[in-house]
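Take a look at this one; I'll ask things after.
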Protein chains: 2
Amino acid sequence: MGTSRTGAAGAASRISVSRTGRTAPAPRTGLKSPPSVSPSLPLDQILLGDCIANLEKLPAESVDVVFADPPYNLQLEQSLTRPDHSLVDAVDDDWDKFASFADYDAFTRAWLLGVRRVMKKNATLWVIGSYHNIFRVGAALQDLNFWLLNDIVWRKANPMPNFRGRRFTNAHETMIWASKSADAKNYTFHYEALKAGNDDVQMRSDWHLPICTGEERLKGEDGRKVHPTQKPEALLARILLSSSNPGDVVLDPFFGSGTTGAVAKKLGRHFIGLERDPAYAKAARARIDAAEQLSGVSIAAPPEKRAEVRVPFLALIEGGHVKPGETLVDERRRYTATVRADGTLALDSIVGSIHKIGSLVQGLPACNGWTFWHVKRDGKLVCIDDFRAKVRAEMAA
Amino acid sequence: MGTSRTGAAGAASRISVSRTGRTAPAPRTGLKSPPSVSPSLPLDQILLGDCIANLEKLPAESVDVVFADPPYNLQLEQSLTRPDHSLVDAVDDDWDKFASFADYDAFTRAWLLGVRRVMKKNATLWVIGSYHNIFRVGAALQDLNFWLLNDIVWRKANPMPNFRGRRFTNAHETMIWASKSADAKNYTFHYEALKAGNDDVQMRSDWHLPICTGEERLKGEDGRKVHPTQKPEALLARILLSSSNPGDVVLDPFFGSGTTGAVAKKLGRHFIGLERDPAYAKAARARIDAAEQLSGVSIAAPPEKRAEVRVPFLALIEGGHVKPGETLVDERRRYTATVRADGTLALDSIVGSIHKIGSLVQGLPACNGWTFWHVKRDGKLVCIDDFRAKVRAEMAA
DNA sequence: TCAAGGCTTGAATCGGCTC
DNA sequence: GGAGCCGATTCAAGCCTTG
């Protein structure tokens, strides 16, 4: 999306985006602790200058999610349009050609390392590209010990046709979603909300969205498009909604026309944009100033199952929902167990948790006792998970 | 698809596939001159043994198209269970184990070099992979001076769900289509036929096809699948129909269950299969013997499987038909809910899909949110299902 | 670090059954 | 006697979190 590349002037200047400063706090839910935001972060600003130099000025482990639309390296085509070589020659002797890929790889490693340093432990990174560069980016990510979570295909609803009829219509771009390392497992992913917004089926790795046209496309005074590869806001919205929370800090090292910043503002996220070209930065700033944050309820962090308070089975006994000595039974009435006063179950002489006894009677390695066990109430079976929901509601009230 | 890896026994044996030998000439079109077929080629045979050693025995510049399904380097850490605690039958064969990325890269370069030598000047190569390996393969192709023509996305109609809810459903695989070099411009590509078979619009780079199940899936005597990653014949058919001619020689260096051979025979192409595992080779041979060549007229590009028609509610927001923060109301204006940016609805502090919230407010077990919810437009209520119809029309256009 | 809690599908196919 | 429905089965993997 942007042009922040190596070789630009060293000094970076800041373009403050006035109306989205820290004075507008992002909406918070009561469930999560506020995100830790480093006080020295240039929030909601565009840093002008070389991408890698500016990355080095940001504090380590300070951003929650990164979206990067690096240069696609299309200029390589020219250096590769050459007479055929035998393969050994191509690798050993054609230094010029090899150097082009090596240059791109070195640039890729440099900005990835810079980004890696400023990512929080459980931050994730999105990179978008086409077949010209995405394979090199993906390999570099793996080499640098990033952990690939998904590759996402953006299927363009209205792609550019192939004019020569010599290839398939190039109708998609590829995004890679990665965490800092394989053991950074506590990254943000709003599984439940994505599923609910997708007709109650899981969100897939192929996304169907239109390219950026019409009103949304930034035009200069001459009526021509400001930026050649402006990404649609719907794409960034899905990315930020799926992998960030309100109040999070979103970094875009190739800010370009500022789609990331505009969507971040609308969705109540903070952004930091790096951009080398002053003309792009200026257009992006105006665009973001004109954007408005959506109302709280429509962008508040969705509730997550995992964040719900833990209710021990003992609390059901203490709350009078289940009585010691009562018999639990599975839905198909094949197995029974007896409730003990300490919140364990008894099966003959074996005593264990609702999960342990549930797995034992079924001969399975694991069992969610909450959904497995039932009690009789008014002649009907009631799942003990219903009582847990009641206890949770009582605790919240 | 196969297991031809380095380190196998040196001597290669040939498994002749009797009924598809050279005695059955492939059908010819009148348009092109007959292909030049090297007399020493082991046509329609499966060569048992190490993939790279066998490649070295084939004559240079002798094959017209290559399809390769190399090991994916999945690096599975532990076993995975479904929500019902049954065990997922995954790829854990030792041919998919590599010690490091460097090992995998060396293996990739070795077989790519071997393949490159036997490709005719204008031959093309298809490689399929997932995000675990495809970036490394793509970078290696570029490093070896192959010229990438397209990356093609196989969108699986019926992918495996994500059981843990920690990622997007991995619903696609990626194929790279490449020529030997940038100036090999006279490769085979049936642009017109593909377009005609695709409702007269250009064939795109995203293909929607089901995975291999049912009758087509090879089963052993024990009723279990013969090969863990058998590819669907429809996928290979589209590949061979788009980028080869009848009578051409198709090489598959990882032959596996022999999908490439079966489809090549059906479509009147010759094949050469390399496979390391005798059990796979035997199953593939039997499968190919049972296949029959289609009549000339029926060897036409398969029509695109009708694109999915399911439209998630989120698509209405992304398409600008409904705005985040807007209020939805039922036809009798008894209930309201607020649209969230992620495509869910909010009712007080409860968040869920249009269906879930619809059923909740009515106290019913189920609700079709599409017909239940409305928005105000010009003072009148408009059903959100009307917008879904519009989005469908846009997707079809 | 280890043990335990507890949370997690969707599409296709096929056999058997009902209208 | 089919068409159609229902439920069981099948197939797919870089898939957890807390104390």
Side-chain angles (χ1 to χ4, degrees), chain A residues 122 141-142 146-151 177-179 181-187 189 191-192 195 198-205 304-313 343 352-359 364-373 384-385 388, chain B residues 71-93 96-98 101 104 129-135 155-173 208-219 223-225 227-232 308 310:
Chain A
N122 282 303
L141 280 167
Q142 291 181 311
F146 283 88
W147 189 245
L148 307 194
L149 297 168
N150 277 116
D151 59 335
W177 183 42
S179 62
S181 71
D183 46 54
K185 294 188 180 294
N186 200 22
Y187 53 86
F189 180 58
Y191 171 79
E192 296 283 350
K195 184 173 172 176
N198 193 38
D199 257 12
D200 292 320
V201 294
Q202 296 180 337
M203 185 70 84
R204 297 169 41 120
S205 58
E304 287 186 54
K305 280 242 170 73
R306 298 190 297 142
E308 286 180 336
V309 288
R310 199 155 164 148
V311 174
F313 182 63
S353 72
I354 54 173
H355 314 292
K356 269 274 169 57
I357 301 297
S359 63
L364 288 174
C367 165
N368 184 347
W370 289 111
T371 52
F372 180 72
W373 292 113
I384 61 171
D385 207 28
R388 181 167 65 159
Chain B
Y72 282 16
N73 195 23
L74 286 179
Q75 306 166 52
L76 301 169
E77 293 287 319
Q78 52 207 6
S79 62
L80 176 69
T81 54
R82 299 181 183 81
D84 63 3
H85 305 295
S86 60
L87 190 69
V88 174
D89 186 12
V91 180
D92 60 352
D93 305 58
D96 198 41
K97 300 259 193 298
F98 293 85
F101 285 132
Y104 188 79
S130 65
Y131 67 87
H132 315 91
N133 71 321
I134 198 65
F135 302 117
R155 302 172 48 224
K156 300 181 185 181
N158 45 351
M160 184 187 74
N162 183 290
F163 294 122
R164 295 298 188 146
R166 296 298 295 143
R167 305 181 179 197
F168 298 91
T169 306
N170 194 12
H172 73 277
E173 293 189 27
H208 188 252
L209 295 167
I211 63 172
C212 183
T213 56
E215 276 284 291
E216 188 184 319
R217 188 82 196 216
L218 290 193
K219 302 272 179 23
R224 292 163 54 100
K225 58 192 174 194
H227 195 279
T229 66
Q230 183 178 341
K231 295 292 178 285
E308 67 193 4
R310 198 179 60 79

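What you are looking at is a predicted structure, and each value in this text was computed from that prediction instead of being measured. The basis for the numbers below is simple: all heavy atoms, side chains too, and nothing from hydrogens, waters or symmetry mates. Lettering of chains follows the sequences in order, A, B, ..., and the numbering in each one begins at 1.
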For a quick check of understanding: with a heavy-atom distance under 4.0 Å over all strands, which category does B:Tyr131 fall into, base, sugar-phosphate or nothing?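 Base: the residue B:Tyr131, judged by heavy atoms under 4.0 Å, touches a nucleobase.
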Would you say that A:Phe313 contacts A:Arg388 through its side chain, given a criterion of any heavy-atom pair below 4.5 Å between the two side chains? no
Under 4.0 Å, heavy atoms only, any strand: does B:Asn170 hit a base, just the sugar-phosphate, or nothing?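 Since only primed, P, OP1 and OP2 atoms lie under 4.0 Å of B:Asn170, the category is sugar-phosphate.
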Quick check for you: among C:dG10, D:dC15, C:dC14, whose closest atom lies nearest to any side-chain atom of B:Glu215?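 That would be C:dC14.
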Between D:dC11, C:dG6, C:dA12, which nucleotide gets closest to the side-chain atoms of A:Arg388? C:dG6
For a quick check of understanding: with a heavy-atom distance under 4.0 Å over all strands, which category does B:Arg224 fall into, base, sugar-phosphate or nothing? nothing
Within the structure shown, what part of the strands sits under 4.0 Å from B:Val88 by heavy-atom distance: base, sugar-phosphate, or nothing? base
Students often get this wrong, so: under 4.0 angstrom with heavy atoms, is B:Glu216 touching a base, only sugar-phosphate, or nothing?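 Answer is nothing: B:Glu216 stays at 4.0 Å or more from every strand.
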Please tell me which of A:Ala366 and A:Lys195 maps to the more 5' nucleotide of DNA chain C, matching each residue to the nucleotide holding its nearest heavy atom.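 This one resolves to A:Ala366.
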Check: B:Tyr104/A:Gln142 side-chain N/O donor and acceptor closer than 3.5 Å: no
What is the nucleic acid contact for A:Leu148, judged by heavy atoms within less than 4.0 Å: base, sugar-phosphate only, or nothing? base
In whole angstrom, give me the gap between the P atoms of D:dG19 and C:dC7. 13 Å
When the ring centroid of A:Trp177 is compared with that of A:Tyr187, is the distance short of 6.0 Å? yes
Proximal nucleotide (of C:dT8, C:dT13, C:dC14) relative to the B:Thr213 side chain: C:dT13
Can you name the nearest heavy-atom pair linking B:Leu218 to B:Gln230, along with the distance?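 Of all heavy-atom pairs spanning B:Leu218 and B:Gln230, the closest is N-OE1, 3.0 Å.
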When the distance from CZ of B:Arg167 to P of C:dC7 is rounded to whole Å, what number comes out? 21 Å
Could you tell me whether A:Ser353 contacts a base, only the sugar-phosphate backbone, or nothing, with contacts defined as non-hydrogen atoms closer than 4.0 Å? sugar-phosphate
Given that A:Arg310 and B:Thr81 both sit by DNA chain C, which one's nearest nucleotide is further toward the 5' end? A:Arg310
